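As the structure is a prediction and not an experimental result, all values here were calculated from the model. For the single chain, residues carry numbers from 1 onward in sequence order.
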Amino acid sequence: MHCLRLFLHAWQIKMKLSALYALTKQFLKLSPTVPQVLNTMKYSMRFFSNSFSPAVSHDPLSIGVYITYHCNLECPFCWNQTINKKEFLSQQMNIEEFSSMLQHPRLKNAFRLSFVGGEPLIHPDIFQFIEIAHSNKKLTMFPSNGLLIEKRLDEFKNSHLSSLQVSLYDGNISDQIRNVELLRSVNLDIDIALARYVTTEQNSLDYMTEVIKMSEQLNLKQVCFQNFIATSKENENLCIFDDNIEILEYFKDLDRKYGKRLNIMFPAPLKRNIKERFCYDLYTVVFVGKNGILAPCSSIVPPDRKFGNLSDDQFWNKKYFLSHRKYFTDKFPFNPTCEYCYESSSHERTFI
């Protein structure tokens, strides 16, 4: 057990360093502004010294933008219950709103931007958004089911999109892989990663090897496995915890076998000890919806005025964000969504 914990600690450090190295390379390609560099350094000092307080002196490093709530799939397991709901379908962001958002004094110095929803490729203007963000020195990415790639292949050709995360779903995988192949045939500059949720079930664990092999066959640089997010105590057993020794040993074996050829982001195990929980999202990212309403992370959906609004320039250090950071563990879960979210276990985002 002690040896495994040492491995887990070393593994987490490796993942952080790998993510940092990849982001640094992309960051420097942007020829970042001096304010962007200084803002990132402010956070980095806190990150490496592990000294965080509720009030922060840096601005968000990342922005998640809800550009649409439409999706071309109806997945019964989708964690975002706003998808394809009538009351949200009209909340589609337009170019004017998007451009204005990037000029917000608290968001100008962010260097990463993710388009979320919904399926981002449904939005007719997403490739214009990408170019606007690129001109504002933002790395851009979005998670996607990848099924609409072929329809927008011509737009992908000259796109400055930084990275794309294709989430593999049973019943669609052959089409998803074919579309990734098509995309790689027209634009090799986009960093693509296959993504898959993993549970404690044996068939789910076994399938990790298949995803790794698919990634290798596609000549991708990385693959992303995510821990299952339970919705209640009834399916908590599907989540991977830090005391699931055999599963962590299995990850260790996979890393030993494939880790030198591929950057494998393994599922971040939930920590049983609440006092060991920590969420970097609360210090790095803000999610923005139509009309400037906010959410503190991708798991707390939808954005809501109770979390803040861009109309208040000081939202980053106002009531909700300060309270969530201060009471994250003391009153865990401060927000019910946090209880089974793997981001709450000191997981550092790779893509957003």
Side-chain angles (χ1 to χ4, degrees), residues 4-5 7-16 18-19 64 75-81 114 116 143 145 165-170 193-212 215 222-255 258-259 262-282 284-285 296-301 328-329 332-333 335-352:
L4 191 60
R5 284 192 174 276
F7 161 73
L8 191 57
H9 179 66
W11 170 34
Q12 288 173 335
I13 292 175
K14 175 189 173 184
M15 293 298 102
K16 288 179 181 179
S18 296
C75 301
F77 53 81
C78 183
W79 53 269
N80 188 346
Q81 297 303 304
S114 178
V116 293
N145 56 50
Q165 179 178 299
V166 178
S167 301
L168 299 178
Y169 298 132
D170 294 341
L194 301 183
R196 179 80 171 180
Y197 275 103
V198 179
T199 72
T200 54
E201 297 171 310
Q202 192 60 49
N203 62 337
S204 179
L205 296 167
D206 291 342
Y207 197 68
M208 293 174 71
T209 301
E210 296 303 314
V211 177
I212 290 172
S215 299
Q222 55 190 349
V223 59
C224 181
F225 294 110
Q226 298 158 311
N227 199 347
F228 176 77
I229 300 178
T231 54
S232 67
K233 290 287 184 184
E234 293 179 1
N235 56 4
E236 176 188 295
N237 63 302
L238 296 177
C239 296
I240 300 165
F241 282 84
D242 59 357
D243 55 5
N244 292 131
I245 307 303
E246 290 185 6
I247 292 176
L248 298 181
E249 288 282 7
Y250 174 66
F251 294 162
K252 184 178 178 180
D253 290 339
L254 285 179
D255 189 48
Y258 300 103
L262 194 67
N263 181 22
I264 306 172
M265 304 301 295
F266 288 96
L270 288 175
K271 296 182 179 180
R272 294 281 187 191
N273 185 348
I274 299 302
K275 293 300 179 182
E276 293 180 358
R277 297 278 187 107
F278 185 81
C279 184
Y280 287 113
D281 273 12
L282 300 177
T284 58
V285 62
C297 73
S298 61
S299 298
I300 298 176
V301 181
F328 180 77
T329 53
F332 191 86
N335 187 299
T337 308
C338 301
E339 185 168 6
Y340 297 112
C341 177
Y342 56 83
E343 301 289 353
S344 73
S345 289
S346 303
H347 178 260
E348 175 68 4
R349 284 184 185 274
T350 308
F351 298 99
I352 299 177

Counting distance only, does the side-chain N/O of [X] pair as donor-acceptor with the main-chain N or O of [Y] below 3.5 Å?
X	Y	result
Q81	C78	yes
S344	C341	yes
R277	E339	yes

For this session: List the steps and the verdict of side-chain contact (heavy atoms from CB on, under 4.5 Å) for S167 and N145.
Result: CA-CA 5 Å; S167 301; N145 56 50; 5.9 Å; no
For this session: Might you point out which heavy atoms bring A268 and Y342 nearest each other, and give the distance in Å?
Result: O-CB, 3.5 Å
For this session: Compare every heavy atom of Y250 with every heavy atom of D206, then report the nearest pair and how far apart it is.
Result: CA-OH, 3.9 Å
With rounding to the nearest 0.5 angstrom, report the [atom1] to [atom2] distance, [X] to [Y].
X	Y	atom1	atom2	value
I229	L238	CD1	CG	12.5 Å
I264	I212	CD1	CD1	4.0 Å
K233	E236	NZ	CD	4.5 Å
L168	Y207	CG	OH	6.5 Å
N244	D242	CG	CG	8.0 Å
T329	K271	OG1	NZ	11.5 Å

Is there a side-chain contact between [X] and [Y] (heavy atoms, below 4.5 Å)?
X	Y	answer
E249	E246	no
Q165	C224	yes
P143	V116	yes
M208	P267	yes

Seminar exercise, completed: Result for side-chain contact (heavy atoms from CB on, under 4.5 Å) between I240 and one of F225, F266, F251 points to F251
Problem set entry | Verdict with supporting geometry, L262 and S215, side-chain contact (heavy atoms from CB on, under 4.5 Å) | CA-CA 8 Å; L262 194 67; S215 299; 3.9 Å; yes
Exercise. When you look at Y340 and N235, which way does the side-chain contact (heavy atoms from CB on, under 4.5 Å) test go after all the steps?
Worked result: CA-CA 10 Å; Y340 297 112; N235 56 4; 5.9 Å; no
